[in-house]
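Input: a single structure, listed below in structure tokens.
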Amino acid sequence: MQHSAIKCFTRSLLAVVAMVSLSACVSMDAHREATPDPNKRLDKMLALYEQGRESGSACAELWKAYSATTDCERILNEVERLSVEFPRNTRILLASAVMQYEAGREDKAQLMLDNLLSMPGSHPEAALLRSKIAMNDGSTTRARAVLEAQILLNPDYAELREALAATYYLDGKYDQAQRALSIAGRLGAPGWRLSYHQGLIREAKEDWTAACGLYAMALEQRPDFRAAAARLVGLSHYEDCRRLADRRR
């Protein structure tokens, strides 16, 4: 579930603020002078991201390949500078934290997220990423504490419940994971995602028939869901699973 639920929890967040490389040189000093408003400055960085995404060259991909370009670094540094200038601007802090995470700088991202989560109010997106970092570090206890604190502030945020289920799953507490997913479903979490996660729990319990049935259900709702298809094929040495896998061919 760590490679499925958690990715789903943060995918939309990362897509909004992940940075991409630029083909043209940008004068950050001129940009600051022309746009003193911090949110507009951030909007400009995100607009540049959109331009880069259309060209198909994402900073996240370059960082993962250890070949970050100057333009990627310039944008990352500019947003980090904004977070220093405006340390109470939650939108800037979140954007900067996600960019640092995408660049593989989890320590910086963690510090920004902890700062953000210490501020008054509900910050569910920050909690999702912070819990992901904690689970990456093997600390399900820390991840769960972050999520539970945010659930108290924002009890109808379905993704928080899904992330909470992931922490229970990783600890082998399957009944608690299922209960968390059940609540997420009542709060509007997508059925295909819930079916897949329930399938992972059933698979962990070695209930192969139920697991494959849930993977097939996820695929009925979302035919392009590769993770569910892969799990179904991976269990095709079981007769019921093979039958379900054959139906999709």
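Any value given below was found using the heavy atoms of this structure, including those in side chains, with hydrogens, waters and symmetry copies removed.
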Test side chain to side chain contact (heavy atoms under 4.5 Å, CB included) on Arg144 and Tyr168 and set out the steps.
CA-CA 8 Å; Arg144 192 150 49 240; Tyr168 286 129; 3.6 Å; yes

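- Side-chain contact between Met99 and Met112: absent, with no pair of heavy atoms (C-beta onward) separated by less than 4.5 Å.
- Using a cut-off of 4.0 Å between Lys/Arg side-chain N and Asp/Glu carboxylate O, Asp240 and Arg243 are scored as salt-bridged.
- Hydrophobic clustering places Leu200 together with Trp208 (ILVMFWY residues linked when any side-chain heavy atoms are closer than 4.5 Å, directly or through intermediates).
- Annotation: salt bridge (Lys or Arg N to Asp or Glu O under 4.0 Å) contacts of Asp156 (sequence neighbours excluded): none.
- Distance check, rounded to the nearest 0.5 Å: OG1 of Thr141 to CE of Met135 gives 11.5 Å.
- A search for side chain to side chain donor-acceptor pair (under 3.5 Å) contacts involving Asn154 returns Ser122, not counting sequence neighbours.
- Residue Ser182 holds its OG atom at 7.0 Å from CD of Gln198, rounded to the nearest 0.5 Å.
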Take Asp43 and Arg91 through the test side chain to side chain contact (heavy atoms under 4.5 Å, CB included) and record every step on the way to the result.
CA-CA 11 Å; Asp43 289 341; Arg91 181 169 175 253; 2.5 Å; yes

Side chain to side chain contact (heavy atoms under 4.5 Å, CB included) for Leu152 and Glu148? Distances and angles first, verdict last.
CA-CA 6 Å; Leu152 289 175; Glu148 288 174 341; 5.9 Å; no

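- Between Tyr157 and Leu128, the closest side-chain pair of non-hydrogen atoms falls below 4.5 Å.
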Between Tyr215 and Tyr196, is a ring pair (Phe, Tyr, Trp, His ring centres under 6.0 Å) present by the stated rule, with each step listed?
CA-CA 5 Å; Tyr215 295 145; Tyr196 177 69; 5.6 Å; yes

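- Pairing each heavy atom of Ser195 with each of Gln221, the nearest pair is OG-NE2, 3.5 Å.
- Scanning both residues, Arg142 and Ala134, for their nearest heavy atoms gives CG-CB, 4.0 Å.
- Contact of the Glu80 side chain with the Asn77 side chain is registered, since non-hydrogen atoms from C-beta on lie closer than 4.5 Å.
- No continuous path of ILVMFWY side-chain contacts below 4.5 Å connects Leu153 to Met119, so the two sit in separate hydrophobic clusters.
- In this structure, Leu76 CG and Lys108 NZ are separated by 7.0 Å, a value rounded to the nearest 0.5 Å.
- Closest approach of Ala126 to Leu116, counting heavy atoms only: CB-CD2, 3.5 Å.
- Proximity of Tyr238 to Thr209: side-chain heavy atoms (C-beta onward) are nowhere separated by under 4.5 Å.
- A 4.5 Å side-chain heavy-atom check between Arg130 and Tyr101 finds every atom pair outside the cut-off.
- Separating the OG1 atom in Thr140 from the NZ atom in Lys173 is a distance of 7.5 Å, to the nearest 0.5 Å.
- Listed by first and then second residue, the salt bridge (charged side-chain N to carboxylate O under 4.0 Å, His left out) pairs involving residues 228-238 are Glu203-Arg231 (not counting sequence neighbours).
- Counting only heavy atoms from C-beta outward, the side chains of Asp137 and Glu106 approach each other to under 4.5 Å.
- Both Leu244 and Trp192 belong to a common hydrophobic cluster when Ile, Leu, Val, Met, Phe, Trp and Tyr are linked at side-chain heavy-atom distances under 4.5 angstrom.
- Taking CD from Glu102 and CG from Leu129, the interatomic distance works out to 9.0 Å, rounded to the nearest 0.5 Å.
- The nearest pair of heavy atoms linking Gly199 to Ala211 is O-CB, 3.5 Å.
- In this structure, Thr167 contributes its side chain and Leu164 its backbone to a donor-acceptor pair below 3.5 Å.
- Counting only distance, with no hydrogens or angles, the side chain of Ser236 and the backbone of Val233 share a donor-acceptor pair below 3.5 Å.
- Grouping the Ile, Leu, Val, Met, Phe, Trp and Tyr side chains by contacts below 4.5 angstrom, directly or via other members, places Leu147 apart from Ile183.
- The nearest pair of heavy atoms linking Arg88 to Pro120 is NH2-CD, 4.0 Å.
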Between Leu181 and Ile201, does a side chain to side chain contact (heavy atoms under 4.5 Å, CB included) hold up when you go through it step by step?
CA-CA 11 Å; Leu181 288 174; Ile201 293 171; 3.8 Å; yes

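- Heavy atoms from other residues, nucleotides or ligands lying under 6.0 Å from CG of Asp224 number more than 12.
- Heavy-atom minimum distance, Ala95 versus Leu42: CB-CD1, 4.0 Å.
- Contact check for Leu93 versus His123: no side-chain heavy atoms found under the 4.5 Å cut-off.
- Judged purely by atom type and a 3.5 angstrom limit, Arg161 uses its side chain to pair as donor or acceptor with the backbone of Pro155.
- Under the 4.5 Å side-chain heavy-atom criterion for grouping Ile, Leu, Val, Met, Phe, Trp and Tyr, Leu214 is not connected to Phe225 through any hydrophobic cluster.
- Residues Lys44 and Asp37 are not paired through a salt bridge, judged by the lack of any N-O separation under 4.0 Å between the basic side chain and the carboxylate.
- To the nearest 0.5 Å, atoms CD1 (Ile92) and CE (Met45) are separated by 11.0 Å.
- For the pair Tyr169/Tyr174, a side-chain contact is recorded, criterion being any heavy-atom separation below 4.5 Å from C-beta on.
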